[in-house]
Amino acid sequence: MSVPEATVGRPDGQTPKAEPRGVVQPPGQPAALESQAYSFWYGPTQALHEINCTIPRNAITALIGPSGCGKTTFLRSVNRMHDLTPGARHSGDIRLDNASIFAPGTDVVDLRRRIGMVFQRPNPFPKPVYDNVAYGPRLNRLCSDRELPDRVERALRDAALWDEVQDRLREPGTSLSGGQQQRLCIARALANEPELLLMDEPCSALDPLATQRIEELLVELKQRYTIVLVTHNMQQAARVADFTGFFYVGHLVEFGETNQLFTRPADERTEAYITGRFG
Amino acid sequence: MSSRALRRHLISRLMTALVVVLCSLAVLALVLIMGNLVIKGASSIDWAFFTKSPVPAGQTGGGVANAIVGTGIIVGLAALIGVPVGVGAGLYLAEYGSGKLGFIVRFIADVLNGTPSIVVGIVAWTFVVRPMHRFSALAGSVALAVLMIPMLARTTEEMVRLVPHSLREAALALGYPRWRTSLKVVARTALSGIVTGCLVGIARVAGETAPLLFTALGNLNFTLSITQPMQALSLQIYVYGTGPFEEWHRLAWASALVLMGLVLSISLTARWVTRERHGSVR
């Protein structure tokens, strides 16, 4: 489908108009995560351009946009997964609970404990279901050995998986179905008692029913967790997210309440994307 | 059938037949060796063979208990030295070895892998036998360990590289420090592959003769002391096989059969370890 140049800038990947957007502070909700003019480079290639946004607590924030536009890069910046990427560098700041995650002396291990992550493809450890969930609490000594089974059960219940696996705790996590594996990965993240849950297209490898279960789960989980969800699926963002950010070639083009963004987008590129004119 | 389809069909049949023949040839070698050993050696294997030390030349009877135990000690000690170093090096190469040091280590391992075993024996002689002023089982073990290390390093590296990157990320995202991720998640996942690599490596060096010739030297008496010269099955075969007595030849065949059985059982164990199980990366 051809796109009129005048309406949407350059969907072919050229730099669009890049005026920094103001920080959107949703009313009434304290910020869990703040990105302040955060830019990121893979070697010479700039992947993110001055991302400014405030991610509110106890809400689901969806990041949408075409592939390769920086959604995942941004997500992985938040728990500093780029630390091991050769040639990676950044400027600007990301603040979790008003403390910079890049501050010297930040304990990356503790940071990652506080920020759970669920990946695109389910990646359970080739270990029993129980051990998969117990990995985090054991590592971080979050509870005594006696309390561990309770904690594992709670995490599995929170991930809406307990009923299906309570008789299979000794079976390898890799023997579950794809949707179950992804919920196991969510349980594994929850067992660490994170404050923030990062989800990188958690449903892209799942069928519609498994997707629906996870979406219902997310809506329940937001009572207690702050969730950032990268998704390619705009319907999914519209269904579950309270706030949505639109990434386009490394810029956060628009960020705001989901309803607002989908019904009255302020930027013409956002409109073009959500109405399916490109992407 | 069109002529083209017919031609394809014929070529397919021909190639299949060729592969079957070549495969049979490869298996035939093993069958012939085992058959020959069983025919010539099995009759000499009795209880005394396993429990008695050699008797003086000319007498009949006696066994190779000293050599069987010796092989066990020398190879076991070699594994004790070689496995930690080899597996550790392999883990380093796979997890951290992308830089210059990794390149150098990998290159050295490859060169060492191709080094003739007798050269390794000379090295062990120079660095262990000469300073100690005596041949010893320890020197033999060092020589075998040096042979084992590059093999283990490269197989471990390959096994660890098979572990999906997503597992590493999962562990890191849970808050695992990198070294713990390497040990607890990556190495654990690759464990059955690593164990197989170790067993195959051990089986390989168990039959080595050349590096033991001027390190462990051989010993006609039973000994458990690793600072003394010690007999090994391969050395026993060499000495008995080249000796002038019929009795010795008989014992050489039997020793060869035992050595072969030993190596085979290690290989079978390796197979058993890698049989399909969760936790396997293959």
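Labels below follow one simple rule: chain letters A, B, ... track the order of the sequence lines, proteins then strands, and each chain is numbered from 1.
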What part of [X] gets within 4.5 angstrom of chain B, counting heavy atoms only: side chain, backbone, both, or neither?
X	value
A:Pro86	neither
A:Tyr135	both
A:Leu111	neither
A:Arg114	neither

Has [X] got more than 12 heavy atoms of other residues, nucleotides or ligands less than 6.0 Å from its [atom1]?
X	atom1	answer
A:Arg121	CZ	no
B:Arg204	CZ	no
B:Tyr96	OH	yes

Point-to-point distance, once rounded to the nearest 0.5 Å, from CG of A:Asp83 to CG of B:Leu172
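The distance works out to 9.5 Å.
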
Approximate separation, where rounding is to 0.5 Å, of A:Leu139 CG and B:Arg180 CZ:
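If we round to the nearest 0.5 Å, A:Leu139:CG and B:Arg180:CZ are 5.0 Å apart.
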
So which atom in A:Arg188 and which in B:Ala170 form the shortest heavy-atom distance, rounded to 0.1 Å?
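A:Arg188 and B:Ala170 have their closest heavy atoms at NH2-CB, 3.3 Å.
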
Sub-4.5 Å side-chain heavy-atom contact between [X] and [Y]:
X	Y	result
B:Glu169	A:Met117	no
A:Val109	B:Tyr176	no
B:Leu167	A:Pro126	yes

Does A:Asn192 reach the main-chain N or O of B:Leu174 with its side chain, forming a donor-acceptor pair under 3.5 Å?
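Yes: the side chain of A:Asn192 pairs with the backbone of B:Leu174.
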
Counting heavy-atom pairs closer than 4.5 Å to chain B, which one of A:Arg80, A:Met81, A:Arg113 comes out on top?
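Most heavy-atom pairs within the cutoff with chain B belong to A:Met81.
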
Determine, step by step, whether A:Lys127 and B:Thr189 satisfy the side-chain contact (heavy atoms from CB on, under 4.5 Å) criterion, reporting the C-alpha distance in whole Å, the side-chain angles of both residues, the deciding distance to 0.1 Å, and the verdict.
CA-CA 9 Å; A:Lys127 297 251 170 177; B:Thr189 307; over 6 Å; no

